[in-house]
2 protein chains.
Amino acid sequence: MAKNKSIHLSRRERQIMDIIYELGRATAAQVRCRLPDPPSYSAVRAMLRLLEEKGHLRHRQDGPRYVFLPTLSRDKARQSALKQLLRTFFDGSTEGAVAALLDMESSKLSPGELDRLAELIERAKKEGR
Amino acid sequence: MAKNKSIHLSRRERQIMDIIYELGRATAAQVRCRLPDPPSYSAVRAMLRLLEEKGHLRHRQDGPRYVFLPTLSRDKARQSALKQLLRTFFDGSTEGAVAALLDMESSKLSPGELDRLAELIERAKKEGR
DNA sequence: CGTCGTGTGCTAAATTATTAGCAGGGTGCT
DNA sequence: AGCACCCTGCTAATAATTTAGCACACGACG
């Protein structure tokens with residue numbers, strides 16, 4: 001019934017999903033207090049329930065409260081987020097995206113990280129050929 | 001007046017912005033036909049007008065019709081999209097994101113691209129030190 | 001010239017999203 | 001037991017979104 005709509009997330013829903021992906025799992029209270037302008041408790045719970053109905057979340061009883069987890073694995077969600085980003089901002093070019101990442105946070109990348117990345121690229125080269 | 005609301009994009013608005021960023025610039029008709037389930041013409045125009053009011057778009061008269069362009073440069077929009085993605089899915093780790101990109105589309109990266117990326121990393125190393 | 005097609009602006013209505021508020025249930029504390 | 005607190009589920013109201021529909025402008029063309 002609400003199957004075809006399930007891909008569409010509203011603003012708040014998106015925010016909530018982001019929080020949960022960021023944390024891995026979260027209770028209603030946790031979600032609430034990380035929301036930009038915390039709405040009422042009920043509001044948060046209502047949306048968690050909706051997200052669960054839509055199939056984006058599931059919950060687990062943890063003692064007296066619910067803990068919400070994403071349905072899709074973080075990997076899958078990542079994957080599709082990356083794909084979307086690539087298409088929207090980089091004409092689908094992986095190279096462009098990687099370049100932007102390096103450029104953006106270059107100061108934050110430690111030599112160690114850079115080394116590991118260099119190695120990843122080496123490996124990709126070998127596999128590609 | 002509508003300044004503080006201007007950050008919040010609704011679902012449709014997001015879709016439209018994505019399309020325009022992807023294309024660089026677009027007319028109402030172009031936007032409409034790329035929308036998942038094309039709504040009426042008026043609907044699209046109304047939202048383009050709203051987005052313009054909110055300051056996300058501006059338009060240029062091109063002959064008989066309007067061509068809409070993003071207000072924020074693609075670079076800036078990229079930047080913030082990347083930042084968000086990093087935080088949400090990679091714990092802020094650039095390395096993780098790059099690794100995921102390489103992993104995901106490895107088959108699509110040509111040797112040439114890989115070489116260029118390797119070089120980028122080399123350069124980052126030198127700058128970092 | 002009339003009219004068809006495609007563009008625009010505007011506004012009011014329909015649809016969705018978001019919130020507040022009430023009615024429990026359970027646990028711990030005095 | 002009686003009370004305070006935090007959790008749940010629900011429903012109805014409010015706020016925001018998305019849409020359709022009308023009025024008008026302009027160029028192309030029979």
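Here is how names work: the chains are called A, B, and so on, in the same order as the sequence lines, proteins then strands, and each is numbered from 1.
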Nearest whole Å is fine: how far is dT16(C) P from Met47(A) CE? 17 Å
For dT19(D) and Arg12(B) - does any side-chain N or O of the residue sit under 4.0 Å from the phosphate oxygens OP1/OP2? yes
So, are Glu13(A) and Lys54(A) salt-bridged, with charged N and O less than 4.0 Å apart? yes
Judged by each residue's nearest nucleotide on DNA chain C, which is more toward the 5′ side, Ser42(A) or Glu13(A)? Glu13(A)
Atom OH of Tyr66(B) to atom C1' of dG9(C): distance rounded to whole Å? 8 Å
Side chain of Ser40(B): nearest nucleotide among dT18(D), dA20(D), dT8(D)? dA20(D)
CZ of Arg65(A) versus P of dT27(C): gap in Å, rounded? 12 Å
Under-4.0 Å salt bridge between Glu119(A) and Arg116(A): no
When the distance from CZ of Arg32(B) to P of dT8(C) is rounded to whole Å, what number comes out? 13 Å
Rounded to whole Å, how long is the line connecting atom CE of Met17(A) with atom P of dA17(C)? 15 Å
Looking only at N and O atoms, is any donor in the side chain of Arg45(B) or the base of dG9(C) less than 3.5 Å from an acceptor on the other one? yes
Same cluster or not: Val67(A) versus Leu72(A), using hydrophobic residues (I, L, V, M, F, W, Y) connected whenever any side-chain heavy atoms lie under 4.5 Å apart? no
How about Gln84(B): does its CD atom have over 12 heavy atoms from other parts shown lying under 6.0 Å from it? yes
Base dG9(D) paired with Arg49(A) side chain (donor-acceptor, <3.5 Å): no
Closest listed nucleotide, where the reference is the side chain of Ala43(A) and the choices are dG7(C), dT19(C), dA17(C): dT19(C)
For Arg74(B), is there an ion pair with Asp91(A) - N to carboxylate O distance below 4.0 angstrom? yes
Can you identify which nucleotide, out of dT8(D), dG9(C), dA17(C), has its nearest atom closest to the Tyr41(A) side chain? dT8(D)
Nearest-Å distance, CD (Gln30(B)) to C1' (dG7(C))? 14 Å
Taking atom C1' of dT16(C) as reference, at what distance in whole Å does atom CZ of Arg14(A) sit? 18 Å
Regarding Ser10(A), tell me which of base, sugar-phosphate or nothing describes its non-hydrogen contacts under 4.0 Å with the strands shown. sugar-phosphate
Here the distance between atom P of dT16(C) and atom CG of Leu9(A), to the nearest Å, is 15 Å
